[in-house]
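What follows is a single structure, and I will ask about it in a moment.
In each ligand, atom 1 is the first atom listed, and ligand 1 is the first ligand listed.
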Amino acid sequence: MEVFEAIRWRRSVRKFSPQKIEKEKLLKILEAGRLAPSSSNRQAWHFVVVDDEKLIKQIPEKVTIGTKNIISWIKDAPLVIVGCYTKALTHFLAQLYGHENHLIDISIAMTHMVLEATELGIGSCYIGWVNEK
Ligand SMILES: Cc1cc2nc3c(=O)[nH]c(=O)nc-3n(C[C@H](O)[C@H](O)[C@H](O)COP(=O)(O)O)c2cc1C
């Protein structure tokens, strides 16, 4: 698939088949994230893969901001990738001047992953309505 095709095809998917995602495909998605550019090449990110069914079912209740119904559809997802960052690993000038480069970096990496998932025929959806703590 051409990059533009993946961009054109991608849409938010909130209904999932029970089919598991093959390890080979997951590794390719993570690799797409790992290869993303980052400010000063700090790669101040961590990707946490949650594939435990019981844990995934708890996510809407545990992490939502407001009502858990906003993200209740997550419970049927076979896989969740949590994009985390460590602000302290970013360039000191970014920290000094309050540049939120870590947010830009993680967003680019997640977009790489979403587009790679699209190429592999896997639907996904960003989730922002979460309590980071
Ligand atoms: C940063 C970000 C956070 C988002 N958070 C949520 C969310 O918490 N729940 C949800 O259902 N969709 C969420 N979305 C998906 C958007 O609602 C969706 O991308 C938008 O409506 C456009 O639709 P499309 O992705 O099908 O093109 C989020 C999208 C982005 C980029």
Side-chain angles (χ1 to χ4, degrees):
M1 189 184 262
E2 300 281 334
V3 174
F4 183 72
E5 276 300 286
I7 291 169
R8 202 168 66 86
W9 268 101
R10 186 217 56 83
R11 66 205 60 208
S12 290
V13 173
R14 299 182 181 86
K15 279 187 184 168
F16 307 95
S17 69
Q19 204 179 326
K20 290 273 174 208
I21 291 170
E22 297 92 324
K23 193 173 176 191
E24 187 184 284
K25 289 186 178 174
L26 171 60
L27 290 177
K28 206 164 174 210
I29 291 168
L30 292 171
E31 184 68 352
R34 192 185 73 79
L35 291 172
S38 63
S39 175
S40 306
N41 201 22
R42 290 301 167 102
Q43 302 168 45
W45 50 48
H46 303 275
F47 308 122
V48 180
V49 177
V50 187
D51 63 357
D52 181 297
E53 262 179 50
K54 280 189 198 153
L55 217 51
I56 290 175
K57 291 210 184 311
Q58 289 176 30
I59 292 178
E61 199 168 331
K62 299 271 187 203
V63 309
T64 193
I65 296 173
T67 163
K68 65 179 178 183
N69 295 334
I70 304 176
I71 54 171
S72 61
W73 48 269
I74 296 172
K75 65 182 181 357
D76 299 321
L79 193 93
V80 174
I81 299 177
V82 187
C84 309
Y85 54 78
T86 304
K87 211 171 172 178
L89 290 178
T90 58
H91 197 282
F92 78 95
L93 283 175
Q95 296 182 49
L96 190 65
Y97 288 99
H99 284 205
E100 307 281 22
N101 290 343
H102 52 289
L103 293 178
I104 298 170
D105 295 345
I106 195 81
S107 303
I108 295 170
M110 297 308 278
T111 298
H112 273 211
M113 288 195 267
V114 162
L115 290 177
E116 181 51 30
T118 306
E119 185 188 43
L120 295 170
I122 298 168
S124 64
C125 185
Y126 293 93
I127 304 159
W129 291 108
V130 292
N131 178 341
E132 289 188 24
K133 283 183 186 162

Note to self: Looking only at protein heavy atoms, which one is nearest to atom 25 (O) of ligand 1, and what is the separation?
What the structure shows: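 Of every protein heavy atom, Ser12 OG, 2.6 Å lies nearest to atom 25 (O) of ligand 1.
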Item checked: Exercise check, heavy-atom protein proximity under 4.0 Å to atom 21 (O) of ligand 1 ->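 It does not: no protein heavy atom is found less than 4.0 Å away from atom 21 (O) of ligand 1.
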Notebook entry, point to check: Considering Arg11, Met110, Arg14, which one's heavy-atom position lies nearest to atom 16 (C) of ligand 1?
Noted result: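 Considering heavy atoms of Arg11, Met110, Arg14, the nearest to atom 16 (C) of ligand 1 sits in Arg14.
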Item checked: Arg10 neighbourhood, listing ligand 1 atoms whose heavy-atom distance to it stays under 4.0 Å ->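 Those qualifying, in numeric order: 24 (P), 25 (O), 27 (O).
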Item checked: Check: Cys125 N/O within less than 3.5 Å of ligand 1 N/O ->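 N/O-N/O distance below 3.5 Å does not exist for this pair.
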Margin query: Walk me through whether Val48 and Cys84 qualify under side-chain contact (heavy atoms from CB on, under 4.5 Å).
Written below: CA-CA 8 Å; Val48 180; Cys84 309; 4.0 Å; yes
Margin query: Are Val80 and Leu55 packed together at the side-chain level, in the sense that at least one heavy-atom pair is separated by less than 4.5 angstrom?
Written below: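 Not touching, per the 4.5 Å side-chain cut-off.
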Checklist line | Distance-only polar pair, side chains of Glu100 and Tyr85, donor-acceptor under 3.5 Å | finding: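 The criterion, which ignores hydrogens and geometry beyond distance, is not satisfied for Tyr85 and Glu100.
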Next item on the list: Within a distance under 4.0 Å of any heavy atom of Ile127, pick out the atoms of ligand 1 and give their elements.
Entry: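 Under 4.0 Å from Ile127, ligand 1 has these atoms: 5 (N), 6 (C), 7 (C), 8 (O).
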Check: Going from CG on Leu89 to NE2 on His46, what distance comes out if it is rounded to the nearest 0.5 angstrom?
Finding: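 The NE2 atom of His46 is 6.0 Å from CG of Leu89, to the nearest 0.5 Å.
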Next item on the list: For atom 5 (N) of ligand 1, find the nearest protein heavy atom and state the residue, atom name and distance (0.1 Å precision).
Entry: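 The answer is Gly128 N, 2.7 Å.
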Item checked: Top protein contact for atom 7 (C) of ligand 1, by heavy-atom distance ->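 Closest protein heavy atom to atom 7 (C) of ligand 1: Trp129 CD1, 3.4 Å.
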Margin query: Can you tell whether the side chains of Glu116 and Lys25 come within less than 4.0 Å, N to carboxylate O?
Written below: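 Answer for the salt bridge query: no.
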Notebook entry, point to check: Can any side-chain N or O of Arg11 pair as donor or acceptor with the backbone N or O of Trp9 at less than 3.5 Å?
Noted result: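 Yes; at least one donor-acceptor contact below 3.5 Å.
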Note to self: So, taking the atom named OG in Ser39 and the one named CG in Leu103, what distance separates them when rounded to the nearest 0.5 Å?
What the structure shows: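 If I round to the nearest 0.5 Å, the distance is 11.5 Å.
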Note to self: If we count only non-hydrogen protein atoms and require a distance under 4.0 Å, does atom 3 (C) of ligand 1 qualify as touching the protein?
What the structure shows: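 Protein heavy atoms within 4.0 Å of atom 3 (C) of ligand 1 - there is at least one.
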Next item on the list: Looking only at protein heavy atoms, identify the closest one to atom 13 (C) of ligand 1 and say how far it is in Å.
Entry: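 Here the nearest protein heavy atom works out to Tyr126 O, 3.1 Å.
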